Amino acid sequence: MSPDAPGRAAFATLAAWYADRREYPDVTRLVAELAGRDAARSGQRLAALIRQAGADRRLGRKRAPIWGGSGDIDALLVHLARELADKASGDPALPVVEALLAEPLVEGEAAALAILRRSPTPAADAILAEIVATPATRSHAALVEAIEQAHARGLASAAIARLVDHPHPGVRASARSACGRVGKAATARPDAATSVRTWTGPALERAATRVWPPRPPGVVWTRVTVDADGAGAATTRTHVGWLLGQDETALRILTWHATVERSRAVRSDGDLTDAIDDCAR
């Protein structure tokens, strides 16, 4: 298998899913194959799928229906994380652990720690030690679990000792318990540069780019109810936003989510004016 084959397969798998979203890709089979003869290959394929899904979310390859959200991709990652949390273990699953830890998803962290708990190997020990040594990149729940696992394996005692003054009480208590220093007064002040998770800065930068386009002068905020396209008069759809314009068969609405919606259907009486709720203007 060429080094980039898992990445190409992940890209194609997700592209097919984006085109037909009726069900998730068959991750259950890939997870089951982690216990088979070709476990290492399955681990690489699953890790590539997670990395590609995360990249697609960040780059907007699959856009969610709600502006600014990540929608279906996060749902897929949560689905995959839950499958892995229950079944995966051993060194073949460690590339998956690293891919899960790279995503800002608490379910992914929980799955990664569950896999590590079932993987008492030197390679898994190294990942646990890295988690404890870099607390700014992890959630508090993940840190607590990592401290407990590392302490049980006799790992990272110096790194755990540095967490006895962690700003979060749960992490602090876990570190003190592991070190036998329960009751030690917290004296260290958290460093603002290291207390924020590493993905927070880029996330804030992306949020700052989501500026609303200026609305044209003279438009009014309104609520419009029309028949859903092709569904008949019994089914209606409501649009809320600034009414940009209308003709005999269509409305153009600038929505709260900075998108322009166009409705091609009208009320059963054929009168667009009657579809506009004057009280909502």
Side-chain angles (χ1 to χ4, degrees), residues 1-65 69-131 137-139 141-142 145-146 149 153 197-199:
M1 181 175 62
S2 64
D4 60 342
R8 291 199 304 269
F11 190 93
T13 296
L14 290 170
W17 180 55
Y18 298 153
D20 182 4
R21 301 185 308 172
R22 288 177 295 182
E23 58 184 30
Y24 292 122
D26 188 10
V27 297
T28 302
R29 176 179 56 82
L30 287 176
V31 173
E33 289 175 355
L34 282 172
R37 281 185 291 180
D38 204 2
R41 181 172 179 268
S42 297
Q44 293 170 6
R45 290 182 63 188
L46 279 166
L49 186 66
I50 294 167
R51 289 193 298 268
Q52 186 62 58
D56 287 354
R57 188 210 309 108
R58 289 186 291 273
L59 298 175
R61 182 182 174 212
K62 172 67 183 72
R63 297 197 180 276
S70 48
D72 291 339
I73 291 178
D74 275 353
L76 171 63
L77 288 173
V78 169
H79 171 70
L80 178 55
R82 288 172 178 166
E83 290 275 343
L84 290 163
D86 293 336
K87 302 171 184 176
S89 64
D91 282 356
L94 296 186
V96 179
V97 168
E98 293 174 329
L100 288 170
L101 290 174
E103 293 300 319
L105 201 67
V106 293
E107 292 87 354
E109 282 186 327
L113 269 297
I115 296 170
L116 290 173
R117 182 177 287 277
R118 293 192 297 268
S119 306
T121 68
D125 289 351
I127 296 176
L128 271 176
E130 178 68 17
I131 293 172
T137 64
R138 304 269 67 91
S139 70
E145 174 67 17
Q149 290 192 36
R153 301 185 192 191
R197 295 179 67 170
T198 55
W199 52 264

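Both backbone and side-chain heavy atoms feed into the values below; hydrogens, waters and symmetry mates do not. What you see is a predicted model, and the numbers here were worked out from it, not measured in a lab. Residue indices begin at 1 and follow the sequence shown.
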Side-chain heavy atoms of [X] within contact of [Y], under 4.5 Å:
X: L113; Y: I131; answer: yes
X: V31; Y: V96; answer: no
X: L84; Y: L34; answer: yes
X: Q52; Y: L49; answer: no
X: R57; Y: E103; answer: yes
X: E98; Y: I127; answer: yes
X: T28; Y: K87; answer: yes
X: T137; Y: L101; answer: no

Return the minimal non-hydrogen interatomic distance between [X] and [Y], and the atom names on each side.
X: A40; Y: P92; answer: N-CB, 4.0 Å
X: L14; Y: A53; answer: CD1-N, 3.6 Å
X: R51; Y: A99; answer: CG-CB, 4.1 Å
X: A123; Y: D91; answer: CB-OD1, 3.9 Å
X: A81; Y: A111; answer: O-CB, 3.2 Å
X: E33; Y: S42; answer: CB-OG, 3.1 Å

Exercise. Does CZ in R29 sit with more than 12 non-hydrogen atoms of other residues, nucleotides or ligands closer than 6.0 Å?
Worked result: yes
For this session: List the steps, then state whether salt bridge (Lys or Arg N to Asp or Glu O under 4.0 Å) holds for E145 with R117.
Result: CA-CA 9 Å; E145 174 67 17; R117 182 177 287 277; 2.4 Å; yes
Could you give the distance from [atom1] ([X]) to [atom2] ([Y]), rounded to the nearest 0.5 Å?
X: T13; Y: L30; atom1: OG1; atom2: CG; result: 7.5 Å
X: L80; Y: R82; atom1: CG; atom2: CZ; result: 11.5 Å
X: I50; Y: L100; atom1: CD1; atom2: CG; result: 4.0 Å
X: L116; Y: D125; atom1: CG; atom2: CG; result: 9.0 Å

